[in-house]
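In what follows, a single structure is set out as C-alpha cells and then discussed.
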Amino acid sequence: MNQCTATYRIYDDKVDFRKKAESIAIGMTVGSWTELPQAKRDSMQKHLGQVLNVDIYETVGTSTGTRYADITIAYPDVNFSHDIPALLVTVFGKISMDGQIKLINLGFSESFLSAFPGPKFGIAGIRQQLGVYHRPLLMSIFKSVIGLNLEELREQFYHQALGGVDLIKDDEILFENELTPIEKRVEICMKAAELASKDTGKKLLYAANLTGRTSQLKQQAIKAIDAGANALLFNVLAYGYDVLHELSSDPEITVPIAAHPALAGAMYPAQHYGIAPSVLLGQLMRLAGADLVLFPSPYGSVTMPREENLAIHHELITSNLNIPTSMPVPSAGIHPGLVPLILKDFGTDVVINAGGGIHGHPMGTTAGGRAFVQAIDAAMSSIPLAEYAATHPELQSAIHTWGGER
Ligand code: 1AE
C-alpha cells in the first residue's frame, strides 16, 4: 500500500506511548474507530493510519521532560492529495497543538514523490550555470540596501562582484519598491556583473528577491527573467512550501531558486514543539524544489546546533530521495576564518555565504570578497590560513578582524 510516514518525538512523564501512538494513527485518519459498526470499519480500513514503531526513552530519577518516545505512523496516500499542504495537515495538523510533540522526520511514498520534480537545477545545475565544478561556491549578500537608489545599488553590486564571488543575493528584506523595482535592479546589476567579469573572469548568479502578493509572483518572476535575472531568492516559509513548488515546477521559471529560511526560528528551536530543522529546511525545501537552501550555520551569529545542521545537509543531498539535490548554504556570521571548518563539515558541495563578513572587511567590500576567495584557495590546497595570509593581505586583514582558522 502507498503510504507516507511521519516520525514524532513526544515528551510526556506518564502517558502510555503505545496507546498514544494508536490514538494518533486513528485520530489523524479515520477519527473514532471502535465505536463504528463492523461494515463501516471494513470500508474505512484503507484509510486507517498504522503505528510502525514506538521507541521509548526514559531516564529514571531525572527532571520532568526527560521521558519521551519516537513514534512513527504510516498515513495511507489515499487520504490526501499529492501536495505539501495536504501532507502537513494530515501528519501534523491538529496534533501539532496537542502537548509536547515535535515532527522529526517524514517518509515519502513513490507515488507521493511522483508529484514533485524537485529542484530544477540543484547542485549539478548550479555548478553548470557557473562553470565551477570542484570547489565550494561563494555568495555575497547585499546589505543596508533599503532606501538606496539604482545607482547606489549598482555600486554595491559591482564591488561585491569584483571581489570574485560566484553568487550575489538580495537581502531578504528588500521588497518590491519604487526606487529599485525588480526588473530595473536586475538590469543594472547584470550589467555590473558583466563589467566585473572582465576583471574576475568569473560568471555570476544574481538572486533577486521575489516578493509581493502570491497572485503576482509568477508575473514578477517572469519580469525579472525577461530583464536578465539568472536566479531568484524566495522567502519560502512566509508564503508556504506549495508556492515554492508552484514556482519551481513552472516551465517558464527557468532560473535557480534560493530558499531563504526567514521565519524558521518560529518553528524549529523549541525542544518539545514544532518541526525539526532537517524536515523544515531539509526535506520539505528540497521536495518543494529549492535549488539552494540557506540555513543558520553552527558557527556564526544565528546559530543552530551542529548535529541539526548536519541533518539538514543530509536531507538536501541524500540519494534516498529520487529527486535532484539542493545546494546547502550554511549562513549568518560567516567570515573567512571559518572556511576550513565549513569544508570539513559540509564538503565542497556548499555555498559559503556572507554579508557582514564581506562588507565589514576593513579594506572594503571587494577586499572582503577576495579574502574569502583566498581562504577557499588555501583550504582547497590544504594550506593553513595563517600561512596563506602571510602573502595575501585581504585574508590577513580578515583574520585579524574576525579570527583565524578554528
Ligand atoms: C540565515 C540567513 C542569513 C542571512 O540571510 C544573512 O543576511 C546573513 O548575513 P550575515 O552574513 O550574518 O551578515
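Reckoned from all heavy atoms, side chains included, excluding hydrogens, waters and symmetry mates.
- Using a distance-only test at 3.5 Å, with no hydrogens or angles considered, a donor-acceptor pair links the side chain of T5 to the main chain of G107.
- One finds a salt bridge joining D98 and K20 here, because a Lys/Arg side-chain nitrogen approaches an Asp/Glu carboxylate oxygen to under 4.0 Å.
- For H47, the NE2 atom sits in a packed shell: over 12 heavy atoms of surrounding residues, nucleotides or ligands are nearer than 6.0 Å.
- With hydrogens and angles ignored, the 3.5 Å screen pairs a side-chain donor or acceptor of T90 with a backbone N or O of A86.
- Checked by atom type and distance alone, the side chain of K223 never pairs as donor or acceptor with a backbone atom of E183 at under 3.5 Å.
- Within the 4.5 Å cutoff, the side chain of Y68 has no heavy atoms near those of the T66 side chain.
- Other residues, nucleotides and ligands contribute more than 12 heavy atoms inside 6.0 Å of the CG atom of D16.
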From CA spacing to verdict: side chain to side chain contact (heavy atoms under 4.5 Å, CB included), I257, K120: CA-CA 9 Å; I257 302 176; K120 212 177 256 154; over 6 Å; no

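- Between P76 and L48, the shortest heavy-atom distance links the atoms CG-O, 3.4 Å.
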Side chain to side chain contact (heavy atoms under 4.5 Å, CB included) assessment of M327 paired with L137: CA-CA 10 Å; M327 183 68 101; L137 303 175; 3.5 Å; yes

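- A donor-acceptor contact shorter than 3.5 Å is absent between the side chain of N105 and the backbone of T7.
- Between E155 and L148, every side-chain heavy-atom pair lies at or beyond the 4.5 Å cut-off.
- Note that CD of Q129 and CG of N230 are 7.0 Å apart. Values are rounded to the nearest 0.5 Å.
- The closest donor-acceptor contact from the side chain of H272 to the backbone of R9 lies at 3.5 Å or more, if one exists at all.
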Residues V279, I104; criterion side chain to side chain contact (heavy atoms under 4.5 Å, CB included); working and verdict: CA-CA 7 Å; V279 178; I104 60 170; 5.7 Å; no

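- Not less than 6.0 angstrom separates the ring centroid of F80 from the ring centroid of Y75.
- More than 12 heavy atoms of other residues, nucleotides or ligands lie within 6.0 Å of CD in E152, so this atom counts as buried by the packing criterion.
- Side-chain atoms of R286 come within 3.5 Å of backbone N or O of I323 as a donor-acceptor pair.
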Candidate pair I342 and Y299, rule side chain to side chain contact (heavy atoms under 4.5 Å, CB included), full reasoning: CA-CA 9 Å; I342 295 173; Y299 332 106; 3.5 Å; yes

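- A donor atom on one side chain and an acceptor atom on the other are found under 3.5 Å apart for D55 and N53.
- Between D13 and R67 no salt bridge is recorded (no basic side-chain N to carboxylate O distance below 4.0 Å).
- Minimum heavy-atom separation, N235 to A262: OD1-CB, 3.8 Å.
- Atom CD of E151 is surrounded by more than 12 heavy atoms from other residues, nucleotides or ligands within 6.0 Å.
- Take N353 and apply the side chain to side chain donor-acceptor pair (under 3.5 Å) test, not counting sequence neighbours, and it matches S331.
- With contacts defined as side-chain heavy-atom distances shorter than 4.5 Å, the pair I95/I101 qualifies.
- Contact check on D166 versus K203 returns no salt bridge, with no Lys/Arg side-chain nitrogen under 4.0 Å from an Asp/Glu carboxylate oxygen.
- Between the side chain of K202 and the backbone N or O of L130, no donor-acceptor pair lies under 3.5 Å.
- Residues R306 and D345 are paired through a salt bridge, judged by an N-O separation under 4.0 Å between the basic side chain and the carboxylate.
- The minimum heavy-atom distance between V51 and V54, with the atom names listed, is CG1-CG2, 3.7 Å.
- Smallest separation of non-hydrogen atoms from S81 and F112: O-CE1, 4.0 Å.
- The distance from atom OG of S397 to atom CE of M363, rounded to the nearest 0.5 Å, is 6.0 Å.
- Between I275 and Y268 the shortest side-chain heavy-atom distance does not fall below 4.5 Å.
- Of the possible polar contacts, one joining the T29 side chain to the G49 backbone as a donor-acceptor pair under 3.5 Å is found.
- A salt bridge does not link R135 to D377: none of the charged side-chain nitrogens sits closer than 4.0 Å to a carboxylate oxygen.
- The shortest distance between side-chain heavy atoms of L138 and V351 does not fall below 4.5 Å.
- Between L150 and R185 the shortest side-chain heavy-atom distance falls below 4.5 Å.
- Side-chain contact check for S111 and D77: at least one donor-acceptor pair (N or O, by modelled atom type) lies under 3.5 Å.
- Side-chain contact check for Q128 versus Y133: some heavy-atom pair is nearer than 4.5 Å.
- To the nearest 0.5 Å, atoms CG (L284) and CG (L87) are separated by 7.5 Å.
- Atom-to-atom distance recorded for Q160:CD and L167:CG is 11.5 Å, nearest 0.5 angstrom.
- In this structure, a donor-acceptor pair under 3.5 Å is present between the side chains of D170 and Y206.
- The ring of H245 has its center closer than 6.0 angstrom to the ring center of F116.
- To the nearest 0.5 Å, atoms CE (M304) and CD1 (I312) are separated by 4.0 Å.
- Ring pair H313/F346 is perpendicular by interplanar angle, where above 60° counts as perpendicular and below 30° as parallel.
- Side-chain N/O atoms of H392 and Q374 include no donor and acceptor closer than 3.5 Å.
- Listed for the T366 side chain is a donor-acceptor partner under 3.5 Å among the backbone atoms of H159.
- E252 has a carboxylate O that lies under 4.0 Å from a charged side-chain N of K218, or vice versa, which qualifies the two as a salt bridge.
- At least one side-chain heavy atom of L343 sits less than 4.5 Å from a side-chain heavy atom of P136.
- The two residues A161 and L204 come nearest to each other via the heavy atoms CB-CD1, 3.6 Å.
- Between the side chain of S326 and the main chain of L316, no donor-acceptor pair closer than 3.5 Å is present.
- A227 and V186 make their closest contact through O-CG1, 3.5 Å (heavy atoms, listed as atom of the first residue, atom of the second, distance).
- Ring planes of F234 and Y239: parallel class, angle under 30° (limits at 30 and 60°).
- Atoms CG and CD1, on N177 and I146 in that order, are 8.5 Å from each other to the nearest 0.5 Å.
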